[in-house]
Undergrad: 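The structure that follows is given in the form of structure tokens.
Both ligands and their constituent atoms are indexed starting at 1 by order of listing. None of the values given here were measured: they were computed from a predicted structure. All residue numbers in this chain count up from 1 along the given sequence.
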Amino acid sequence: MENDQKPVVIVTGASSGVGLNAAKSLADRGWHVIMACRNLDKAKDVAQSIGMPVENYTVLHLDLASLASVRRFVEDFRALGRPLHSVVCNAAVYYPLLKEPMRSEDGYELSVATNHLGHFLLCNLLLEDLKNSPAADKRMVILGTVTANPKELGGKIPIPAPPDLGDLQGFEQGFKAPISMINDKKFKSGKAYKDSKLCNVLTMRELHRRYHDETGITFNSLYPGCVADTPLFRNHYSLFQTIFPWFQKNITGGYVSQELAGDRVAQVVAEDEFNQSGVYWSWGNRQKPGRRSFDQEVSNEAQDDAKARKLWDLSAKLVGMV
Ligand SMILES: NC(=O)c1ccc[n+]([C@@H]2O[C@H](COP(=O)([O-])OP(=O)(O)OC[C@H]3O[C@@H](n4cnc5c(N)ncnc54)[C@H](O)[C@@H]3O)[C@@H](O)[C@H]2O)c1
């Protein structure tokens with residue numbers, strides 16, 4: 001592959017939804033996008049179908065539900081010989097209707113394994129690549145969600161079972177039982193997703209605390225708004241999949257298109273204005289234009305530095321870093 005001078009960004013889960021549109025927006029801005037996906041053919045087809053310039057992307061295999069796959073992906077990326085400028089941790093799974101937990105290849109509950117542990121290992125491995133990169137401006141970004149910022153809905157819509165990592169006992173036990181199960185005694189698959197997204201935000205917070213001053217890399221979370229019609233909801237009731245986008249469009253007014261959400265991710269990666277670290281960027285649900293960093297609005301648990309450190313130590317053990 002020709003090693004041009006384009007800045008390089010890795011986007012996980014770039015074959016659909018927000019990730020695909022972020023990849024497109026970044027490719028259109030002249031970045032070279034490494035699309036990190038499970039299904040290479042699907043990723044290539046969809047990139048072609050939405051007109052991404054072929055010279056502006058490379059598709060590499062990544063299955064975040066396999067720690068071995070995460071390690072192989074990093075080797076494959078290094079073999080390209082390209083310097084790294086930015087990482088977007090976008091991929092996620094959401095199984096709201098499961099009665100019993102599904103397991104990853106490594107035996108961990110699947111939502112937390114994919115959304116949190118896979119990204120945790122990936123970020124730690126790619127930290128070396130960012131440190132060694134000659135780029136002046138290097139950024140890591142993770143997709144948070146409304147569950148880390150419950151005040152976002154203005155208290156008008158109750159959010160059932162908010163994320164709560166409790167004392168992280170699930171991690172202590174090697175996460176063979178998910179935290180959502182340990183804390184609530186009964187497995188709640190929707191809560192496993194919310195917990196995993198809270199882990200994402202806490203991981204960025206801890207990365208910022210540990211490495212920003214030393215490396216200059218920026219570490220941020222971002223909430224692009226509610227994108228109610230992505231494949232993320234494919235495992236929900238079909239009625240929900242119809243009603244939820246309608247509800248967001250017509251009742252809350254919070255609906256954000258996949259293209260706009262993807263472009264918001266691209267802004268955080270590429271625009272000078274976002275070159276700060278330790279921020280949770282949110283566009284909010286109900287106020288469409290504008291954005292704010294909102295440590296003042298994100299949930300207390302998502303700002304708990306002691307919990308972020310504990311989560312870090314336990315996650316490092318679970319992914320085999322220590
Ligand atoms: N849709 C929303 O309203 C919304 C709101 C806020 C944040 N988010 C976040 O945005 C991100 C993207 O979600 P989306 O709505 O575009 O959904 P999506 O389902 O279109 O995107 C998720 C992507 O992750 C990929 N993926 C799943 N498991 C994987 C694995 N094991 N390895 C590699 N890739 C895997 C999927 O193939 C898919 O391409 C997620 O992190 C989600 O939590 C979504």
Undergrad: Suppose we screen for salt bridge (Lys or Arg N to Asp or Glu O under 4.0 Å). Which residues come up paired with Arg71, at least two apart in sequence or across chains?
TA: none

Undergrad: Step through it carefully: locate the ring centre of Trp31, locate the ring centre of Tyr57, and say whether they are under 6.0 Å apart.
TA: no

Undergrad: Which of the numbered atoms in ligand 1 are under 4.0 angstrom from any heavy atom belonging to Thr114?
TA: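 Taking each heavy atom of Thr114 in turn, ligand 1 has 28 (N), 29 (C), 30 (C), 31 (N) under 4.0 Å.
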
Undergrad: Check Val93 against ligand 1 and report side chain, backbone, both or neither, counting heavy atoms closer than 4.0 Å.
TA: side chain

Undergrad: Between Trp312 and Tyr211, how do the two ring planes meet: parallel, tilted or perpendicular, split at 30° and 60°?
TA: tilted

Undergrad: Between Arg38, His61, His119, flag the one that comes closest to atom 29 (C) of ligand 1 by a heavy atom.
TA: Arg38

Undergrad: Quick one: does Cys37 get within less than 4.0 Å of ligand 1, heavy atoms only?
TA: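 Contact absent.
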
Undergrad: Of all the atoms in ligand 1, which lie at a distance below 4.0 Å from a heavy atom belonging to Gly225?
TA: 5 (C), 6 (C)

Undergrad: Can you confirm whether Leu222 sits close enough to Ile142 that some side-chain heavy atom of one is under 4.5 Å from a side-chain heavy atom of the other?
TA: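 Leu222 vs Ile142: side chains apart.
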
Undergrad: Which part of Lys197 is near ligand 1, with near meaning a heavy atom under 4.0 Å away: side chain, backbone, both or neither?
TA: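 The part of Lys197 near ligand 1 is the side chain, not the backbone.
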
Undergrad: Which option wins on minimum heavy-atom distance to atom 40 (C) of ligand 1: Asn21, Asn90, Asn200, Asn115?
TA: Asn90

Undergrad: Applying a heavy-atom cut-off of 4.0 Å, say which part of Leu62 lies close to ligand 1: side chain, backbone, both or neither.
TA: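 For Leu62, only backbone atoms sit under 4.0 Å from ligand 1.
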
Undergrad: With a 3.5 Å cut-off and no angle check, do the side chains of Thr12 and Asn90 form a donor-acceptor pair?
TA: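 Per modelled atom types, Thr12 and Asn90 side chains form no pair under 3.5 Å.
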
Undergrad: Determine whether the aromatic ring centres of Trp281 and Phe274 lie less than 6.0 Å apart.
TA: yes

Undergrad: Taking non-hydrogen atoms only, is Tyr94 closer than 4.0 angstrom to ligand 1 via side chain, backbone, both or neither?
TA: neither

Undergrad: With respect to atom 8 (N) of ligand 1, which of Gly13, Cys89, Gly144 exhibits the smallest heavy-atom separation?
TA: Gly144

